[in-house]
Enquirer: 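Take this structure first; my questions come after.
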Amino acid sequence: MADRSFLAWPFFEDRHRALAEALEGWASTNLVHVDHSDVDQACRDLVAKLGEGGWLSHSAVDPDNADSKLDVRSLCIIRETLARHDGLADFAFAMQGLGTGALSLFGTAGQKREWLTRTRRGKALSAFALSEPKSGSDVAHLDLAATVDGDSYVLNGEKTWISNGGIADVYTVFARTGEGPGAKGISAFIVPADAPGLSVAERLEVIAPHPLARLSFENCRVPRTAMIGAPGQGFRIAMSVLDVFRPTVAAAALGFARRALDESVSRATSRELFGAPMAELQMVQGHIADMALDIDAAALLVYRAAWLKDSGAARISREAAMAKLFSTDRAQSVIDKAVQIHGGDGVRKGSIVERLYREIRALRIYEGASDVQKIIIARQVIAGN
Ligand SMILES: Cc1cc2nc3c(=O)[nH]c(=O)nc-3n(C[C@H](O)[C@H](O)[C@H](O)COP(=O)(O)OP(=O)(O)OC[C@H]3O[C@@H](n4cnc5c(N)ncnc54)[C@H](O)[C@@H]3O)c2cc1C
């Protein structure tokens, strides 16, 4: 059983503790041996299951309640717990939030009602389409163009590395509308998957498989009302969404790391080496201590960022970047130690730690690579924030 003593920390309210306990019970019965052989089907099934369980109601604001807000601590607790049980379940949950984050934060009442009612029940899948072949880290220079034509915007260009690409029902798409140079000329749009001119150009395979695609927009027409927020506000919208969701990526990394520690303790206490349990070897104890320390330090940064956002901070760029940078980096190290403790079984295809080893890597690249997080932190510190 993973350490849950962190739930006693003052960052949390009783509703968070109740959420963690209820989700733990649900995950322990519903996420045993999830079949990952067909990731598209697995994700559809997981979204439906998460919707039925009521967990997706945390992924976006309630369109019928104008006071409803995203609660970042709940998002983090859910992602940490799901990641500890099953990486694809965490992915399925995360995309329902990231894909609709712009609507939750900047959508009109009508846009929210149209889409969030469905995504929060697991009846529609969503995706976040920001990256392009020439602009992944350099988001401000994205090329996909949206031009006005009567009552419509017409989108032309490409997006790539789009999670849920190919299975999403709706995409949040960031496009150049040209109100100003660079970051000042981008707007956000809500684009249904069946919009004419939008197609999947290529499905992409990665070391920890999940639905991923390159998308093509050829004269893809959407009504002017598909714009989220105001013209030219797209970059700010994207960064605001990432401010909320970056700590949740860090939380997912924390969940993977906790699972790696659990597996390691179980291995070290059950396997005998040189006539005694492995756990009595001091070098193994050293690994376990390092792992536990990294996990607690990461958890402090994750839940500090989440608590700060929930407490009303407008932006938490520095804290979110610190949480993501540290937690994903340290989780990589924790999982590597877990592989070492498992010996040959650690690299055996299909073992839990082998799966974690593949699953953790991309988290240091997407939603802002680690190097980019360092730049964000340094700029904030130099500016005195
Ligand atoms: C599994 C996966 C899922 C993804 N899902 C999505 C998604 O759902 N939606 C979406 O829009 N995008 C998604 N992405 C794209 C992801 O956000 C980009 O891959 C990421 O931003 C890096 O962009 P890039 O791949 O073009 O690499 P580049 O921008 O070419 O960067 C390459 C490397 O250069 C380094 N680097 C970058 N900038 C700097 C700098 N200023 N200083 C120093 N070093 C730097 C970093 O180490 C970086 O990894 C996903 C990517 C992956 C791998």
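Start at 1 with the first residue, then count along the sequence. Scope of the values below: all heavy atoms of this structure, side chains included, with no hydrogens, waters or symmetry mates.
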Enquirer: Can you give me the closest heavy-atom contact between Asp310 and Leu70, atom names plus distance?
Expert: OD1-O, 3.9 Å

Enquirer: Is a side-chain donor or acceptor of Glu132 paired with a backbone partner of Asp143 at a separation under 3.5 angstrom?
Expert: yes

Enquirer: Could you check whether any side-chain N or O of Gln233 sits under 3.5 Å from a backbone N or O of Ala230, counting only pairs where one atom can act as donor and the other as acceptor?
Expert: yes

Enquirer: Find out whether Val206 and Trp161 are in side-chain contact, i.e. whether some heavy atom of one side chain is under 4.5 Å from a heavy atom of the other.
Expert: yes

Enquirer: Are Ser264 and His342 packed together at the side-chain level, in the sense that at least one heavy-atom pair is separated by less than 4.5 angstrom?
Expert: yes

Enquirer: For Phe6, I'd like to know if atom CZ has over 12 heavy atoms of other residues, nucleotides or ligands within 6.0 Å.
Expert: yes

Enquirer: Report yes if the side chains of Arg176 and Leu144 come closer than 4.5 Å at any heavy-atom pair, otherwise no.
Expert: no

Enquirer: Could you check whether any side-chain heavy atom of Lys123 comes within less than 4.5 Å of a side-chain heavy atom of Thr117, counting everything from C-beta outward?
Expert: no

Enquirer: Quick one: do Thr248 and Arg79 satisfy side-chain hydrogen bond (donor to acceptor under 3.5 Å, both in side chains)? Show the steps, please.
Expert: CA-CA 7 Å; Thr248 78; Arg79 289 204 63 181; 3.0 Å; yes

Enquirer: How far apart are the closest heavy atoms of Lys309 and Ala314, and which atoms are they?
Expert: NZ-O, 2.7 Å

Enquirer: Write down the atom of Ala298, the atom of Leu254, and the distance for their closest heavy-atom approach.
Expert: CB-CD1, 4.1 Å

Enquirer: Supply the atom-to-atom distance Met291 CE to Asp336 CG, rounded to the nearest 0.5 angstrom.
Expert: 9.5 Å

Enquirer: Report the distance from atom CZ of Phe11 to atom CZ of Arg304, rounding to the nearest 0.5 Å.
Expert: 8.0 Å

Enquirer: For the CD atom on Glu21, are there more than 12 heavy atoms of other groups (residues, nucleotides or ligands in this structure) within a distance under 6.0 Å?
Expert: no

Enquirer: Going only through I, L, V, M, F, W and Y residues with side-chain contacts under 4.5 Å, is there a path from Val249 to Phe91?
Expert: no

Enquirer: Could you tell me if the ring centre of Phe174 sits under 6.0 Å from that of Phe128?
Expert: yes

Enquirer: Establish whether Leu105 and Ile228 are linked, either directly or via other cluster members, by ILVMFWY side-chain heavy-atom contacts under 4.5 Å.
Expert: yes

Enquirer: Please check if the side chain of Asp169 supplies one atom and the backbone of Leu125 the other of a donor-acceptor pair under 3.5 Å.
Expert: yes

Enquirer: Assigning hydrophobic clusters by single linkage (Ile, Leu, Val, Met, Phe, Trp, Tyr; side-chain heavy-atom cutoff under 4.5 Å), is Ile365 placed with Leu363?
Expert: no

Enquirer: Is it true that Arg15 and Asp71 have a side-chain N and a carboxylate O under 4.0 angstrom from each other?
Expert: yes

Enquirer: Looking at every non-hydrogen atom in both residues, tell me the closest pair between Thr119 and Gln96 and how far apart they are.
Expert: O-NE2, 3.2 Å

Enquirer: Please check if the number of heavy atoms outside Arg379 that lie under 6.0 Å from its CZ is greater than 12.
Expert: no

Enquirer: What pairs with Asn156 under side-chain hydrogen bond (donor to acceptor under 3.5 Å, both in side chains), at least two apart in sequence or on another chain?
Expert: Asn219

Enquirer: Are Ile288 and Val353 joined in one hydrophobic group, where the rule is that I, L, V, M, F, W and Y side chains link up if heavy atoms are under 4.5 Å apart?
Expert: no

Enquirer: Whether the side chain of Thr328 engages the backbone of Arg364 through a donor-acceptor N/O pair (distance < 3.5 Å, no angle test) should be reported.
Expert: no

Enquirer: State the CG-CG distance between Leu198 and Leu155, to the nearest 0.5 angstrom.
Expert: 9.0 Å

Enquirer: Ignoring hydrogens and geometry, is there a side-chain-to-backbone donor-acceptor pair from Glu319 to Leu301 under 3.5 Å?
Expert: no

Enquirer: Can you tell me how far apart CD1 (Ile335) and CZ (Arg330) are? Round to the nearest 0.5 Å.
Expert: 11.5 Å

Enquirer: When you compare the side chain of Met278 with that of Glu272, does any pair of heavy atoms fall below 4.5 Å?
Expert: no

Enquirer: Looking only at heavy atoms, what is the nearest atom pair of Ser333 and Asp294, with distance?
Expert: OG-OD2, 4.1 Å

Enquirer: Looking at residues at least two apart in the chain, or sitting in another chain, which of them share a side-chain hydrogen bond (donor to acceptor under 3.5 Å, both in side chains) with Gln41?
Expert: Asp45

Enquirer: Between Asp371 and Lys374, is the closest basic N to carboxylate O distance under 4.0 Å?
Expert: no

Enquirer: Could you check whether any side-chain N or O of Thr100 sits under 3.5 Å from a backbone N or O of Leu103, counting only pairs where one atom can act as donor and the other as acceptor?
Expert: no

Enquirer: Counting only heavy atoms not in Gln340, do more than 12 fall under 6.0 Å of its CD?
Expert: no

Enquirer: I'd like to check Ser163 versus His210 (side-chain heavy atoms, cut-off strictly below 4.5 Å). Are they in contact?
Expert: yes

Enquirer: Flag this pair as yes if the NZ/CZ of Arg113 is under 6.0 angstrom from the six-membered ring centre of Trp115 and inside a 45 degree cone about the axis; otherwise no.
Expert: no

Enquirer: So, taking the atom named OG in Ser104 and the one named CD in Gln111, what distance separates them when rounded to the nearest 0.5 Å?
Expert: 11.5 Å

Enquirer: Closest approach of Ala323 and Ala250, non-hydrogen atoms and distance?
Expert: O-CB, 3.4 Å

Enquirer: Do Leu308 and Phe12 belong together in a cluster built from hydrophobic side chains that touch within less than 4.5 Å?
Expert: yes

Enquirer: Does CZ belonging to Arg355 count more than 12 external heavy atoms closer than 6.0 Å?
Expert: yes

Enquirer: Got a donor-acceptor contact below 3.5 angstrom from the Ser327 side chain to the Lys324 backbone?
Expert: no

Enquirer: Looking at side-chain heavy atoms only, is the closest gap between Glu158 and Leu215 below 4.5 Å?
Expert: no

Enquirer: Between Asn385 and Val381, is there a donor-acceptor pair closer than 3.5 Å when you use the side chain of the first and the backbone of the second?
Expert: no

Enquirer: So do Tyr303 and His16 actually touch side chain to side chain, heavy atoms under 4.5 Å?
Expert: no

Enquirer: Is Lys49 reaching over with its side chain to a backbone N or O of Asn30, donor-acceptor style, under 3.5 angstrom?
Expert: yes

Enquirer: Does Glu218, at its CD atom, have more than 12 non-hydrogen atoms belonging to other residues, nucleotides or ligands within less than 6.0 Å?
Expert: no

Enquirer: Taking Ser370 for the side chain and Leu325 for the main chain, is one N or O donor matched with an acceptor at less than 3.5 Å?
Expert: no

Enquirer: Test side-chain hydrogen bond (donor to acceptor under 3.5 Å, both in side chains) on His141 and Asp138 and set out the steps.
Expert: CA-CA 6 Å; His141 290 103; Asp138 190 7; 2.9 Å; yes

Enquirer: Name the residue from Tyr153, Phe106, Tyr171 that meets the ring pair (Phe, Tyr, Trp, His ring centres under 6.0 Å) definition with Phe189.
Expert: Tyr153

Enquirer: Would Asp151 and Arg224 pass as an ion pair if we require N to O under 4.0 Å?
Expert: no

Enquirer: Answer yes when Glu354 and Lys349 have at least one side-chain N-carboxylate O distance shorter than 4.0 Å, and no when they do not.
Expert: no

Enquirer: So, taking the atom named CZ in Arg84 and the one named CZ in Arg4, what distance separates them when rounded to the nearest 0.5 Å?
Expert: 6.5 Å

Enquirer: Checking Asp86 against His36 for the side-chain hydrogen bond (donor to acceptor under 3.5 Å, both in side chains) test, could you report, in this order, the C-alpha distance in whole Å, the side-chain angles of both residues, the deciding distance, and whether it holds?
Expert: CA-CA 10 Å; Asp86 183 81; His36 289 198; 2.8 Å; yes

Enquirer: Any carboxylate oxygen within less than 4.0 angstrom of a Lys/Arg side-chain nitrogen, looking at Glu263 and Arg267?
Expert: no

